[in-house]
Amino acid sequence: HKYDLILQATPEYLTDKSVWFPSAFDDTLIKPLDVPKKHYIGFCGNYANRKEYVDLVDNLVGIKRDIFVIGDAMVEAINSYQIHLNKNISNDLNFRSFETIGCNTVLLTNYNIHYEQLGFQHGINCLMYKDVSDLRDIVVSSRSDLQEISDNGFKLSSRHTYLNRAKGIIKLYNSVAGNK
């Protein structure tokens, strides 16, 4: 119990001995591939609390479902989508958010204020919905500017790699060690 600092992935759980340390992705494994973007919207993951959202999108415009697809197949699946549907399980920002923009695919995810703190901007480098009605509106009207949103998301992804998080750990360590 002699921790100097705890890295916390979700800001709501911060204490006086912790710092926010958001998820990231490995850009040596997860990256844009030379595969056609043959699916307008796809979902790669598990249903958890997401099935209602996946079904809604499927009923509106169709959706490519890649359930429990992992590894290289996951990277290829996300690369084949123009838009990747995501829903965080709680108040977290899951890894799939960062993996999606790292594949140069448009992220469509539920709104969370913490996205803004990390540089995510609706309509600029991702798409965010606040509720089911908002999701419906975005899905049926978002066919323009997808390439620009995707490219901006990919630029943002470079800030959220494991290498950059490791540099952040070193900075944190040096600041804590320097205070002793």
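Taking 4.0 Å as the cut-off between side-chain N and carboxylate O, Arg165 and Asp26 do not count as a salt-bridged pair.
Under the side-chain contact (heavy atoms from CB on, under 4.5 Å) criterion, Glu12 pairs with Thr10, Asn91, His114, sequence neighbours left out. Take Phe25 and apply the ring-ring contact (aromatic ring centres under 6.0 Å, His included) test, not counting sequence neighbours, and it matches no residue. Partners of Asp66 by salt bridge (charged side-chain N to carboxylate O under 4.0 Å, His left out), not counting sequence neighbours, listed by chain and number: Lys64.
The shortest heavy-atom contact between Leu33 and Glu76 is CD1-CA, 3.8 Å. Here the closest heavy-atom approach between residue Gly102 and residue Pro32 is recorded as O-CD, 3.3 Å.
With Ser150 as the partner, the side chain to side chain donor-acceptor pair (under 3.5 Å) test is satisfied by one option alone out of Thr105, Asn125, Asn104: Asn104.
When side chains are defined from C-beta on, His160 does not count as touching Pro22, because their heavy atoms never get closer than 4.5 Å. In this structure the side chain of Ile101 reaches within 4.5 angstrom of the side chain of Phe120, judged on heavy atoms.
No hydrogens or angles considered: nothing links the side chains of Asn112 and Asn88 as a donor-acceptor pair under 3.5 Å.
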Point to revise | Candidate pair Ser90 and Asp92, rule side chain to side chain donor-acceptor pair (under 3.5 Å), full reasoning | key: CA-CA 5 Å; Ser90 181; Asp92 66 319; 5.4 Å; no

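Placement of Leu56 and Ile83 within a single hydrophobic cluster is found when ILVMFWY residues are connected by side-chain heavy-atom separations under 4.5 Å, directly or transitively.
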